[in-house]
Every structure is written in C-alpha cells, then in structure tokens.
2 protein chains.
Amino acid sequence: MRDRTTLSDVAREAGVSLATASRAINGSADRSVRPELVARVRAAAEALHYSPDATAQAMARGRTTTLGLLVHDIADPYFSAIASAVVRTAEAEGLQVSLATTQNDPAREAALLDLVRRQRARAVVIAGGRSAGADAERDGADPASSALTDALTALARQGVGVAAIGQPVPGVASVAVDNAGGAAALADALLGRGYRRFALLDGPADRVTARDRRDAFEAAARAGGGDVVARERTPFTWEGGHEGLDRLADAGVLAEVDAVVATNDVMALGALAAARARDLSVPGDLALAGFGGISTLRDVVPGLTTVAVPMEELGVRAVRLALGDPATTRDVVEQVGCDVVLRDSTPPLD
Amino acid sequence: MRDRTTLSDVAREAGVSLATASRAINGSADRSVRPELVARVRAAAEALHYSPDATAQAMARGRTTTLGLLVHDIADPYFSAIASAVVRTAEAEGLQVSLATTQNDPAREAALLDLVRRQRARAVVIAGGRSAGADAERDGADPASSALTDALTALARQGVGVAAIGQPVPGVASVAVDNAGGAAALADALLGRGYRRFALLDGPADRVTARDRRDAFEAAARAGGGDVVARERTPFTWEGGHEGLDRLADAGVLAEVDAVVATNDVMALGALAAARARDLSVPGDLALAGFGGISTLRDVVPGLTTVAVPMEELGVRAVRLALGDPATTRDVVEQVGCDVVLRDSTPPLD
DNA sequence: TTGTAGGCGTTATCAC
DNA sequence: GTGATAACGCCTACAA
C-alpha cells in the first residue's frame, strides 16, 4: 500500500526529465530551472504526495544530516538538559539527532561510536561518563590515549565532526567543565562560611569528573586550613549518595564533620534523603553541598549549595564545535566556568 | 583523508566477488559462504578498517533501522523518563532513535513528522503534547480527525510503524494513560481523607491531558460530595503552577479550599515553590497534590501526593506497538493504569 | 558455494 | 535551460 512515489514519477507526471525534477525540487546551487517548469514539477510532486528519500539523497550527495549524541543516561537531569540544548542547536543547523545511551559502559560506548561511523554521521557529540580506566592501566605511560580517545580521533580523521562534553578528550574538540576550579571555589566558599572539616561523597575511582572535583576540593580545603576527614566512594548516582551518607553515619564520623560534600547533585540529593530517613536535619545536623546545578534543585528544601554548570551552554558549544572546521577546531578545548551557588544547606557557621 | 573503503575494496583484497564479501560480512539469511572465505573476507575488512555504510545498506534493503521519537521537551522529567525507555527498547531491537522535540508547537510537530517520512523511518513514537485545537475548531463535527491524526495515519499507510503515547490517536496504535481513571481515583482518595473543597491548577484549555484529568477529577469530586471551588488555567509547566498558586492566593480563595490539585507534577512543584515563597506551609496551610509520579518527587518535602504513571512501561509498550504487525496493532489502544500515591502533602484531615 | 548483474532513489557531470 | 547517464555503496535474485 506504500505509495512509493519516486522523483521519476514526479518527473514523468510533470513531463520533464529526472534531472530537471531534481533541480526544481531541491533548488540546488545551479538554480537554472524555468519558473514555469518549477511550478509544474512542484504541482506534480504535490499531487503525487511525493516525499524525497533522505536515504537516497544522503547517498547521492555523499553526506548525511545526522548528528550522533551519546549520553550516559537520558533520564538524568544533567544529561537531559544537555541533550535538550544539543537537539535544539542541531535542529537549527538542519541536522537530525540520533540519540544513544552509553549506560556508563565502555563496551557500549565503543559499539555506539562504531554505529555512528556506520551511519556516516556528520558529527557526534559525546557527553559524560569519561572513565580513566584505560589510562590508569597504562600507569600514565601514555595518558593521552585510551580506547575512547582512539575511537574519537579515528572518527575525526574520517571527517566526522567530533566534540566531547565534560572532560576534554586529547586531540578532540572539547568543551570542558572547569571541575577543578569549581570545586576549589566551593571549598573556599565553604571555608569562608566557617566550615573546616569535610566528608566527601566521592564517585567511582575511575570516574574522571569525580576525581577532578574530589582532588581539587581536597587540595583547596587543605590549602585554606581545612581538611577532608572522611570519604565514601559509591556509584555516581542518587542511590550512591544515599548509600554514602549511610556509611558515614554508620561509621559515626558525621559528628566530627562540619559539612558533607557530594561530587554531584544527584548524589547530594540521595544523601539528603538518607539524612532525612535518619532524622538528621540539614543543615541542623549536617551541612550539605552538591555539584552541577541541575534544575531539580529548585524543588528541594533546604536550598542545596552547589556549583552551577551551564548545561545549555555545554550543549550549544559542543554542537558548534562539532560542526566547525576540523582544521581549526581540532584540539580546541573550550573551558566553561561554573559558579558556586551558596544556599541554605550550608549556612554561615559563625 | 577519509578512508572510504568500500565493500568492493574488501572483496578485491580478499580475492572474492562483491557478492561473497557482502554475504560474508552481514551473514544474511542465505548463509552459504565457506568458513574459510568468511575468515578471509573478515580479515580483509579488518585490515582495511572497513565499515559498512548504513545508508547504502538501507537503500539497498529498502528499509532503514531508524525509529523517530517525538517528545515535547526532552528536559522535562516526564518525557525524559519515557525517552529513556524508548531508547533502551529500540536499541534492543537494533534500531537507532532519531530524537526531535516538538516544543509543543503543532507546526513543528507537522514538520517533524514530515521529516520522519523523508527519513523513511521504520517506526515513530510520539509522546505527549496532544492539543485538541484542531478538533475544537470543527466543533466536534469530526473529532476523530485532526492534522496530527491525519499525518500519523498517513505515515502508517506508508508502512511506518506508528504509536502514540498518552492520549490515544484515532486509527493509530496508542498506549493511553488512564488520566480519567487516575484523576477520579485521586479525587476519591482525597475525599476519603476528608477533603471536600478543591482548587484546580489546570493546564491550557486545548491540552487534552489536562482536560481529561480536570474533568474526571471534578466529576468524581462532585459525585463524592466534594466540589471544585476554584480553578486557574496556566501553562502546563513549573512556572505555570507557580503562577496558578499565586493567583489563587491573590484571589484569597485558598482559605476556602481544602486542597490544591495540579494537573501535573511539575505544576505541583511550581505551586509548592510559590507556597513556600509566601510562607504558606504545605500541608499546614494548604494541601497539595500532583499527577505523574516523576522521579524528582523523591527529593521534595513534604512527600507529594500524586498519581503515578508508569513512564517506563509507556515507552516500552509504545515501541513494541510501533514495531508490531500493523494489521493487528492498528487502532489498538493499550490502556495503562496509574496509581494514586498518597503522601504527606495531603494528610488525613480528621 | 560463488559470481554476474540489475536495481534502490538521488545527485551531479556532462553534453546538447 | 534541459536532458541523458554515470556514479553513490550495497543487496540479491538469478545463473553458473
């Protein structure tokens, strides 16, 4: 029942050649079709319910209009905010977004990048979930190289526009979040409010984002006369944050701590829930801070101190980078700053 | 620099014909290539970094492996939860998801559906944002037909698997949320807790989902001896809910009301924020309920009473429907129930 | 089991 | 300006 009308049908119906029909419909650069004929072709197309086959066009033109988007988890508010911006920007550029979720699995990541390659996508944006596993194994021998890095640079070499969001990827255009700067600023801000002894809700050891935030926070805290006296390492999720706080509480270290700092917002929210479940008041019994600035935060009480990351901007810039001239964008790392937002979960201590 | 190695290159390198190379690599149904040759071809492909061109394959096979997903706004927790399920299910079926956001604009919706058609997508899932505008204009003359309905049925006729999420679309496989049932159940539950006089935070008039929830709630409330004594109509968003509560408060009607019921969760959250901003305590000064059951709710205090919609299930079933045999799925409407979840925002009154 | 050749729907390079 | 016609990269009867 499919009315597979092709351009040939339209051409015949309009009484012109295939070539003319093609030109009349897409009005390519060599605009040279008589208006009268254009009208006739358009009318024929209309009458026949013609719809150009994007697949065939892509093949004939030798390029697609697909932008691959790889995120860890589209249900995560951080990534969905980024995705939203990516989709809008890509659409404005006339590109379709092909969405895939890596589910934080390097193997899936590789498979999806291969898919991007097979799709002959024009560009790909990959956000989050960078793991330092491969690098770590090599013990720093060649930290600039990992499976992901290799796959991305390979793609770039084949003419696919590539951009990474979050952690910069060596040799690949990246829009990098200044996790270290933000974490240090957070430490300073908390120190400024009188906090000295911190507990850290850390993410997985191989998670670069968590590592950067943790290390920078610790360094800044110490430099400012404070200290990180406890740390729990759990998954980078709500449940992880919940679990982390439970462990801190069970270990009885909360009493020795001025504030609990989570390496991302959803962990902080999980910790907040865990605190509530234990009848611990925030900030009464413990102060709490997160990292990210996800929109969910507007609904929680007390207001959660965090480091706001401009997620929309990340998405927009990544698409622009991915679509830019590879010659000039390769190896570009656009740093985007993040701002400490102090709220009621970490009131001044004095 | 693109190493545009084609299957021909591989075939030549392996010393076999194009056909054999093709069979060896995709192992199609007519599996008939000698293992030895398969190995040789695979080795050649490997050596040449061959990557099959999905575009060409799609064209030769006459079908793509693309599933179009249209949502109102991917940053909305309701839709991102659905999208997450759709992506996972589609991937399990070997399909790529092409994501687009309608931004609640019927014109965009139409354009995106046309894009789906040009892409020759194998299936399309459309979630949310159904507007009754077109139907309303016709004054019920032919309520079963609207621009969206027409576009979707046209797609279906061309062999594209179609499924709608939320509101059923006439003639199209749909997985429908039982908004009326859920709203009625919510009304009953609130009546059961002693609430009688309600204020409604309603969505736009032409929004089918809002309308169904509102109407059913009102009917059930009245049937149970209660009443809806006030209603504010605002956008179906957080800001809309905020604004709605502000208006109720400014109008001074909150005193005459036992509970405020929002037609969706994000509106309820906005209302909650507005209440806080006015130093109104929930549930002390006003009881509040929402609709949807988005995951964000786990982080708000007090726990928000809502009607939980199984978002994951919606996504999974929609993909299954869209991929099912059109002959049997056409016009299928799978109702999915939703469950009232009573929480602290609407404590028993007596 | 393997190879030959035609075709998928467009675009683009040529002549005319 | 317009029209043949060769690609584009792959699949798949049909033959061998």
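In what follows, chains carry the letters A, B, and so on, assigned in the order in which the sequence lines appear, proteins first and then strands, with residues in each chain numbered from 1.
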Options dT10(C), dG9(C), dG9(D), nucleotide nearest the side-chain atoms of Arg4(A): dG9(C)
Which residue, Ala60(B) or Pro35(B), contacts DNA chain C at a nucleotide closer to its 5' end, judged by nearest heavy atom? Pro35(B)
For the residue pair Ser84(B) and Thr101(A), establish whether any side-chain heavy-atom pair is separated by less than 4.5 Å. no
dG9(D) P sits how many Å from Asp9(B) CG, rounded? 9 Å
State whether the distance check finds a donor on one side and an acceptor on the other, under 3.5 Å, for side chain Arg120(B) versus base dG9(C). no
Ignoring backbone atoms, test whether Asn26(B) places a side-chain nitrogen or oxygen under 4.0 Å from the OP1 or OP2 oxygen of dC11(D). yes
For DNA chain C, what are the stems built from at least three Watson-Crick or G-U pairs in a row, each pair having both distances below 3.5 Å? C:1-16 with D:1-16
Of dG1(D), dT4(C), dC11(D), the nucleotide closest to the side chain of Leu7(B) is dC11(D)
Could you check how far CZ of Arg12(B) sits from C1' of dT2(C), rounded to whole Å? 18 Å
Can you see if the side chain of Ser22(B) gets near the phosphate of dC11(D) - specifically, an N or O under 4.0 Å from OP1 or OP2? yes
Arg61(A) CZ to dT13(C) P, in whole Å, measures 13 Å
Within the structure, does a side-chain N or O atom of Gln57(B) lie under 4.0 Å from either OP1 or OP2 of dC10(D)? no
Any Arg34(B) side-chain N or O less than 4.0 Å from OP1/OP2 of dT2(C): yes
Applying side-chain hydrogen bond (donor to acceptor under 3.5 Å, both in side chains), name anything that partners Ser17(A), two or more places apart in sequence or on another chain. Thr20(A)
Side chains of Glu36(B) and Arg40(B) in contact at under 4.5 Å (non-hydrogen atoms): yes
Give the rounded distance in Å between these two atoms: CG of Asp53(B) and P of dA7(D). 18 Å
Do the side chains of Asp53(A) and Arg120(B) get nearer than 4.5 Å, heavy atoms only? yes
Are Ile126(A) and Leu148(A) packed together at the side-chain level, in the sense that at least one heavy-atom pair is separated by less than 4.5 angstrom? yes
What nucleotide, of dG3(D), dT2(C), dC8(C), holds the atom closest to the side chain of Val33(B)? dT2(C)
May I have the distance from Gln119(B) (atom CD) to dG9(C) (atom C1'), rounded to whole angstrom? 16 Å
Within the 4.0 Å heavy-atom criterion, would you say Leu37(B) contacts the bases, only the backbone, or no part of the nucleic acid? sugar-phosphate
Would you give the length of the straight line joining atom NE2 of His49(A) to atom CD of Gln158(B), rounded to the nearest 0.5 angstrom? 9.0 Å
Closest to the Ser17(A) side chain, choosing from dT4(C), dA4(D), dC11(D): dA4(D)
Tell me the interatomic distance from Arg63(B), atom CZ, to dG9(C), atom P, rounded to whole angstroms. 14 Å
In whole angstrom, what separates Leu18(B)'s CG from dA13(D)'s P? 16 Å
Testing dT2(D), dC10(D), dT10(C) for proximity to the side chain of Arg23(A), the answer is dT2(D)
Measuring from the side chain of Ala19(B) (C-beta onward, heavy atoms only), which nucleotide among dG9(D), dT2(C), dT12(D) has the closest atom? dT12(D)
Flag the pair Leu67(A) / Leu323(A) as yes when at least one side-chain heavy-atom distance between them is below 4.5 Å, and no otherwise. yes
Arg40(A) CZ to dT2(D) P, straight-line distance once rounded to whole Å: 9 Å
With a 4.5 Å cut-off on side-chain heavy atoms, are Asn104(B) and Asp73(B) touching? no
